[in-house]
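Notes follow once the structure below has been shown.
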Amino acid sequence: MNSFFTIEGILYFGAISLSIIGLFGLLVSKNLFRMLLSLVLFEAGANLVLVLSGFIRNGIAPIFLDGNSGAVMNDPVPQALVLTAIVIGVGVQALALSLIFRVKKHYGSMDMRTIRSKLEREIATQAGVTPPGSNEAPAPVKLVKGEAHE
Amino acid sequence: MIWVVAVVVFIMLAAALAVLFLPNMIAAVVASAVVSLSLTVIFAIVKAPDVAMTEAAIGAGLSSLILAIGLKRLGYWKTDSIDKVKAGERHD
Amino acid sequence: MTKYSALLFISGLVFLLMVITGLLPMGHTPMLVGNAILEGAKDQVGAANVVTSVVLGYRGLDTLGELSILFAAASVVGLVLTKSSFNKHASNNDDKHDHHDSGFVAVNAIDLIFPLLLVVGMYIITHGHLTPGGGFQGGVVLAVAFSMLVIVRPRRVSINHGMVSIIESFAGVSFIVIGVVALFKGQSFLQPLLGHGEFASLWSAGTLPLLYLAVGLKVGAELAGLLLALNTDEVAS
Amino acid sequence: MTFIEIIAMLLIGMSALIGLYRLIFGPTNPDRIVATDALNLIASVVLVLLALFFDSVLYLDVALVYAVLSFVGMIALARVIESKADDSSKEQEES
């Protein structure tokens, strides 16, 4: 904390805050699409931390040019790892989006609470038991009331 | 140089908070595009031009494209008029 | 209630991360692997861009795994989105999404920018071992170029899916074949062949430009197929 | 940094903050998309200025790719908003 207001201090603060914001959104948000956006933020913060771990003060980019034979270079290994991780991240994003399409088509909603109550009712109907949280046979009116209560 | 870094990090964090707390979904996607914009500049500042170019290509082009397709197919494309915004409609 | 417990958990995580960060040597990173690579890359691989020699030379097997992960993601997206078409034939089949062209500005802007995107993408792929860039970035640019044509004009333009998969398979097979040829010469998998050439010229670094060309074509074809699978409606063509 | 470069960075930073204000508090969605387009231009200019500061040509490629692809992304987002005019009367989808 003695040298917080340096370039590295500010960048580490930003990277950790970005990860934390993404994790908070992933835990708190109710909408599936917003959860996907939070996942993207979380990935970006983790990538930034990885790249910063190879950052050297007064270093140059790890590419040989004509005039920079003797200069200190940044670490190329974290950059190569992050290069791969970003491309995989977009594959994960597209896969999650296609799964969200299927969920929207099947349940007709994007809200996690609605999806959960419908899912529990489906499972109870398949198993032939009463749905959890009610003492009687499944009635839609009861379910809507219980959902509003939460 | 340190003030440039401070301004870019501030923009990044403000846009990241806007992704979580803006009521409208199209606005959230646009804010996430701004997050990847500031990430590109940060990667260029820490002298990682390869990573900066990857983030530019994917964050600015491909991710916006994928999320725009998602917005269109999930039914979030309804633009809000001024009075709807003032009434506080929230996609959540 | 969920919000407060999440806040509590996250504040603990923030404290932990801040303590870890406070112990890090900021700005004076000890690089053990990095220094060895930076010293030896110029003679062993011969590429001016050290990141390229890490991605394709020292960690070439990693890149192969990454390509297979991307292939798996693209095929699962195709599987998930195609299977729903069977359900849809039974239910109502109203055309939910618009098939119209975009406006004047979007159509003409994409027509103007399409050759520029192709040139930029090929430049980035072929100069991957000299300047920043390479197969992944150039492949993304190519995929965005081709899929924007379809997105802007969904009715008129269509891309042959068989051609896309042929390009993708060809690129993947050629990546593996270049790696296996090194095995027959008595070297390790994916070791650069063909000599180093003149340093920092276009024909240098052995087989690395060919490998990056294969990576670029494969990534471009996969991402274009993925975008088209996401964009097309579930009405079976 | 020379005096001119400091002045340039100051002006660009101020305009970026103005764009950020319009992004967060902009009343409608088209405001936000236009603000993001302006921020994309500002980011391209910042990348070019970084190439000047670091005295290296490598960052110009990043600026080129960023400028071209941000345009494409904004076109895609604009198409999402535009599709309202096509079939908003046909059906009202619940969200």
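All of these numbers come straight from a predicted model, not from anything done at the bench. A, B, ... follow the sequence lines: proteins, then strands. Residue 1 opens every chain.
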Given the options B:Ile42, B:Leu62, B:Leu13, which has more heavy-atom pairs under 4.5 Å with chain A than any of the others? B:Leu13
Would you mind telling me which of B:Val9, B:Val8, B:Ile69, B:Ile45 has the largest number of heavy-atom pairs within less than 4.5 Å of chain A? B:Val9
Shortest non-hydrogen contact between [X] and [Y], atoms and distance:
{"X": "A:Ala44", "Y": "B:Leu39", "result": "CB-CD1, 3.3 Å"}
{"X": "A:Gln79", "Y": "B:Val51", "result": "O-CG2, 3.7 Å"}
{"X": "A:Arg34", "Y": "B:Ala28", "result": "NH1-CB, 4.3 Å"}
{"X": "A:Gly14", "Y": "B:Met12", "result": "O-CE, 3.7 Å"}
{"X": "A:Phe33", "Y": "B:Val29", "result": "CE2-CG2, 3.8 Å"}
{"X": "A:Leu97", "Y": "B:Gly70", "result": "CD2-CA, 3.8 Å"}

Got a second to check how far [X]'s [atom1] is from [Y]'s [atom2], nearest 0.5 Å?
{"X": "B:Trp3", "Y": "A:Ile7", "atom1": "CH2", "atom2": "CD1", "answer": "12.0 Å"}
{"X": "B:Met25", "Y": "A:Asn31", "atom1": "CE", "atom2": "CG", "answer": "4.0 Å"}
{"X": "A:Met110", "Y": "B:Leu74", "atom1": "CE", "atom2": "CG", "answer": "4.5 Å"}

What part of [X] gets within 4.5 angstrom of chain B, counting heavy atoms only: side chain, backbone, both, or neither?
{"X": "A:Leu41", "result": "side chain"}
{"X": "A:Leu36", "result": "side chain"}
{"X": "A:Ile56", "result": "neither"}
{"X": "A:Val87", "result": "both"}

Are [X] and [Y] packed together at the side-chain level, in the sense that at least one heavy-atom pair is separated by less than 4.5 angstrom?
{"X": "B:Leu67", "Y": "A:Leu37", "result": "yes"}
{"X": "A:Ile63", "Y": "B:Asp50", "result": "yes"}
{"X": "A:Ser38", "Y": "B:Leu20", "result": "yes"}

Is [X] close to chain A through its backbone or its side chain, or both, or neither, when contacts mean heavy atoms under 4.5 Å?
{"X": "B:Phe43", "value": "side chain"}
{"X": "B:Val46", "value": "both"}
{"X": "B:Ile2", "value": "both"}
{"X": "B:Ser63", "value": "both"}

Check for a donor-acceptor pair, side chain of A:Asn74 on one end and backbone N or O of B:Ala48 on the other, with a separation under 3.5 Å. no
Ranked by heavy-atom pairs below 4.5 Å to chain B, first place among A:Ile100, A:Leu52, A:Leu18 goes to A:Leu18
Evaluate whether atom CZ of A:Arg57 has more than 12 neighbouring non-hydrogen atoms of other residues, nucleotides or ligands under 6.0 angstrom away. yes
